[in-house]
Amino acid sequence: MRTRALFFFFAAGVILFSPGVAQTQRPDINYDESKVPQYVLPDALTMANGERVSTAKRWRDKRRGEILQLFEEHVYGTTPGKKIPVKSEVIAADKAALGGTAIRKEVTLYFTSDKNGPRMDLLMYLPATAKGRVPVFLGLGFSGNQGVRADPGIRLSTQWMRNGGPGVVDNRATEASRGASASSWAVEKILERGYGLVTAYYGDLDPDFDDGFQNGIHPLFYHPGQTRPDPGEWGSIGAWAWGLSRALDYLEKDDSVDAKRVAVFGHSRLGKTSLWAGAQDERFAIVISNDSGCGGAALSRRRFGETVKVINDAFPHWFCANFRKYSDAEDKLPVDQHMLLALIAPRPVYVASAEEDRWADPKGEFLSLVHADQVYRLLGKEGLGVTDMPPVNTPAGKTTGYHIRTGGHAVTDYDWAQYLNFADRHFRRAN
Ligand code: GCU
């Protein structure tokens with residue numbers, strides 16, 4: 001019995017933590033388009049009381065808030081309104097980083113008066129030639145800031161980290177983890193195009209395992225006697241998104257950055273996070289979701305690839321506890337993910353998929369944008385402007401953008417090339 005239990009534990013681990021092969025072999029996952037069930041999406045422009053929203057003002061005054069609240073209560077949980085004092089400290093600065101092409105800065109944001117308490121380390125690369133404030137891409141990463149570039153000047157993360165990544169030993173980063181995620185961050189290209197890049201490690205905000213919310217930032221917000229978030233309060237995605245807003249607070253004070261031109265970016269679970277950050281915090285000028293899938297850009301009701309049940313079972317800490325009510329009951333959700341994209345309107349949002357990343361349901365990611373279009377149009381923007389999925393490697397869109405590229409679940413130079421073009425277009429620079 002014990003051996004059997006251990007076997008199942010191990011098998012479940014293989015399935016959960018090796019995206020790709022194991023996931024595509026799961027018998028409970030649908031990858032057949034003809035088996036996508038019939039579904040009716042909640043209408044972004046119909047209020048809970050049945051009223052049809054037909055003006056931008058009505059959207060702004062009533063419906064937007066209503067949808068935001070539904071996502072808080074049923075999907076990601078509410079983010080505490082309490083403001084905590086955050087202190088920033090520039091830890092290191094190098095004006096001649098990356099062979100003289102970049103200014104590298106590291107800034108720590110302390111969330112309590114204890115310097116050993118919860119904090120967030122920002123890594124900033126800015127173009128050395130920049131005159132004045134530069135627009136930046138801001139994103140959380142999986143492997144610590146030292147994973148972004150094999151640059152010996154970057155401080156090594158000391159936080160808990162998932163084993164299995166390059167250079168991670170006993171849940172800590174080692175020197176060998178430098179540059180571990182370099183292929184996901186097109187640093188040179190970003191700098192060459194006149195943008196800065198700001199990154200932070202997502203585990204600074206909440207280490208990515210289910211510990212009942214004892215570590216990370218959640219406890220800073222507990223009321224006396226509270227030991228974990230209530231069923232409608234934030235999970236890890238909420239905490240990660242909160243961190244992105246605190247990074248933006250800092251960028252507003254940094255005179256090398258144009259905080260009105262910050263594109264928030266994220267891949268996969270961090271793509272779910274960038275969307276939720278962009279939906280809640282309207283200071284983010286552009287929002288980018290790379291392969292965000294279930295609980296991100298993909299429509300939950302399609303039940304293609306990863307489903308609400310599968311994600312809740314595997315990662316119970318990502319969403320609020322209420323979200324579990326919708327495992328195998330997607331049709332009961334009062335929202336679907338097109339409404340998350342609609343919350344970003346009229347600001348530009350870019351959704352990217354990868355052809356082999358069927359776990360994330362590329363078509364469901366595309367359709368979310370299509371269904372968000374009516375809100376963009378109501379707000380006087382063109383939205384996506386297409387209803388048929390474009391061929392691979394053929395970006396489409398206007399105020400919102402989409403591409404599906406060849407290849408699998410990753411962030412590639414191709415993806416970054418599109419994000420840079422999109423940012424150029426919307427930040428009104430030469431393309
Ligand atoms: C798993 C998970 C996805 C998630 C991905 C990631 O595959 O099921 O929902 O997007 O991990 O974050 O890499």
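Counting starts at 1 for both ligands and their atoms, following the listed order.
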For side chain to side chain contact (heavy atoms under 4.5 Å, CB included), just list the numbers for K381 and D373, CA-CA rounded to whole Å, side-chain angles, deciding distance to a tenth of an Å, and then say yes or no.
-> CA-CA 9 Å; K381 300 283 175 177; D373 251 15; over 6 Å; no
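- Counting only heavy atoms from C-beta outward, the side chains of Q226 and H218 never approach each other to under 4.5 Å.
- Residue pairs meeting the salt bridge (charged side-chain N to carboxylate O under 4.0 Å, His left out) criterion with at least one partner in residues 395-412, sequence neighbours excluded, are D291-R405, R405-D415.
- If you look at R269 next to ligand 1, the close heavy atoms, those under 4.0 Å, come from the backbone and the side chain alike.
- With a heavy-atom cut-off of 4.0 Å, H409 touches ligand 1 through its side chain alone.
- Within the structure, ligand 1 has W318 among the residues with a heavy atom less than 4.0 angstrom away.
- At least one N or O atom of S268 sits closer than 3.5 Å to an N or O atom of ligand 1.
- Near I311, meaning under 4.0 Å from one of its heavy atoms, ligand 1 places the atoms 9 (O).
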Test log, rule side-chain hydrogen bond (donor to acceptor under 3.5 Å, both in side chains), inputs D206 and H317 | CA-CA 10 Å; D206 191 21; H317 57 296; over 6 Å; no
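- Aromatic rings from Y76 and W240 are positioned such that their centres are separated by 6.0 Å or more.
- In this structure, K272 has a heavy atom closer than 4.0 Å to ligand 1.
- Looking at E106, its side chain never comes within 3.5 Å of a backbone N or O of V90 through a donor-acceptor pair.
- With a heavy-atom cut-off of 4.0 Å, L270 does not touch ligand 1 at all.
- Polar contact with ligand 1: present for E306 (N/O pair, distance under 3.5 Å).
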